[in-house]
Amino acid sequence: MVKLKHKSPMEYRVIYVVNGSAVPSENYYNVFHSSEALVDLLHTLGKGSIHGDQITIVSVDEFCPYSEKWIDRTEKALEYTETKHLSLNGENIKFNRDALTK
């Protein structure tokens, strides 16, 4: 079990690309840790609410209400997410920080 980082939920944004799309998608979650946001996104994908069979995670970001900026928490999300959650129907979920051209 993940040790709670915050006493109250924080806002997280998961940016991802489905089926190699040119336009990234974003989902927002209010959870206690970035790993929970990642697991929630993958659960949404598994239930069929996100249409596609291949997903590439670009980033998992936490909103800082004091600086009003998004802080990248992708590494922490991966560190605290159990391996069984990083696959869907036997397919591994891809992580790619370079999925978007800047």
Side-chain angles (χ1 to χ4, degrees):
M1 183 68 182
V2 175
K3 183 177 178 182
L4 299 179
K5 179 179 177 185
H6 303 289
K7 292 180 181 179
S8 62
M10 298 292 288
E11 183 177 7
Y12 289 92
R13 168 181 73 181
V14 182
I15 302 174
Y16 60 95
V17 177
V18 178
N19 293 341
S21 174
V23 179
S25 299
E26 299 176 352
N27 279 26
Y28 296 85
Y29 300 96
N30 286 312
V31 292
F32 291 98
H33 194 272
S34 57
S35 62
E36 293 174 319
L38 184 57
V39 170
D40 286 355
L41 174 77
L42 300 179
H43 177 75
T44 304
L45 177 67
K47 292 196 78 151
S49 298
I50 297 174
H51 302 290
D53 56 355
Q54 294 179 355
I55 187 168
T56 302
I57 306 294
V58 178
S59 69
V60 180
D61 305 317
E62 178 183 322
F63 185 72
C64 177
Y66 305 108
S67 65
E68 296 186 358
K69 294 182 181 179
W70 290 98
I71 302 167
D72 187 3
R73 298 286 190 223
T74 308
E75 296 300 321
K76 287 292 181 189
L78 286 173
E79 181 181 337
Y80 288 100
T81 302
E82 293 181 31
T83 309
K84 67 180 181 180
H85 293 297
L86 297 179
S87 122
L88 183 67
N89 301 326
E91 298 284 328
N92 288 332
I93 306 301
K94 298 177 184 175
F95 288 85
N96 184 3
R97 296 178 169 274
D98 301 320
L100 303 174
T101 56
K102 295 185 179 186

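What's counted below: heavy atoms across the whole structure, side chains too, no hydrogens, waters or symmetry copies. Note that the structure is a prediction, hence the values are computed from the model and not measured.
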Heavy-atom side-chain proximity of E68 to F63 below 4.5 angstrom: yes

Closest non-hydrogen atoms of D72 and D61, given as atom of the first, atom of the second and distance, are CA-OD1, 3.4 Å

If you compare all heavy atoms of T74 against all heavy atoms of V60, which two are closest, and at what distance to 0.1 Å? OG1-N, 2.9 Å

Measure the spacing between CG of L38 and NE2 of H33 and express it to the nearest 0.5 Å. 11.0 Å

For V17, does its backbone N or O pair with a side-chain atom of S21 as donor and acceptor, under 3.5 Å? no

Taking every heavy atom of V31 against every heavy atom of A37, the minimum-distance pair comes out as CG2-N, 3.7 Å

If you measure from OH on Y28 to CG on D40, what distance do you get to the nearest 0.5 Å? 15.5 Å

Would you mind reporting whether P65 and M10 have side-chain heavy atoms less than 4.5 Å apart? yes

Indicate yes or no: at least one non-hydrogen side-chain atom of I15 is less than 4.5 angstrom from one of W70. no

Side chain to side chain contact (heavy atoms under 4.5 Å, CB included) between I57 and L41: does it pass, once the steps are laid out? CA-CA 10 Å; I57 306 294; L41 174 77; 3.5 Å; yes

Can you tell which of V18, N27, I55 makes a side chain to side chain contact (heavy atoms under 4.5 Å, CB included) with L45? I55

Can you measure from OH (Y16) to OG1 (T44) and round to the nearest 0.5 angstrom? 8.0 Å

Looking only at heavy atoms, the pair that brings A77 and S35 closest together is O-CB, 3.6 Å

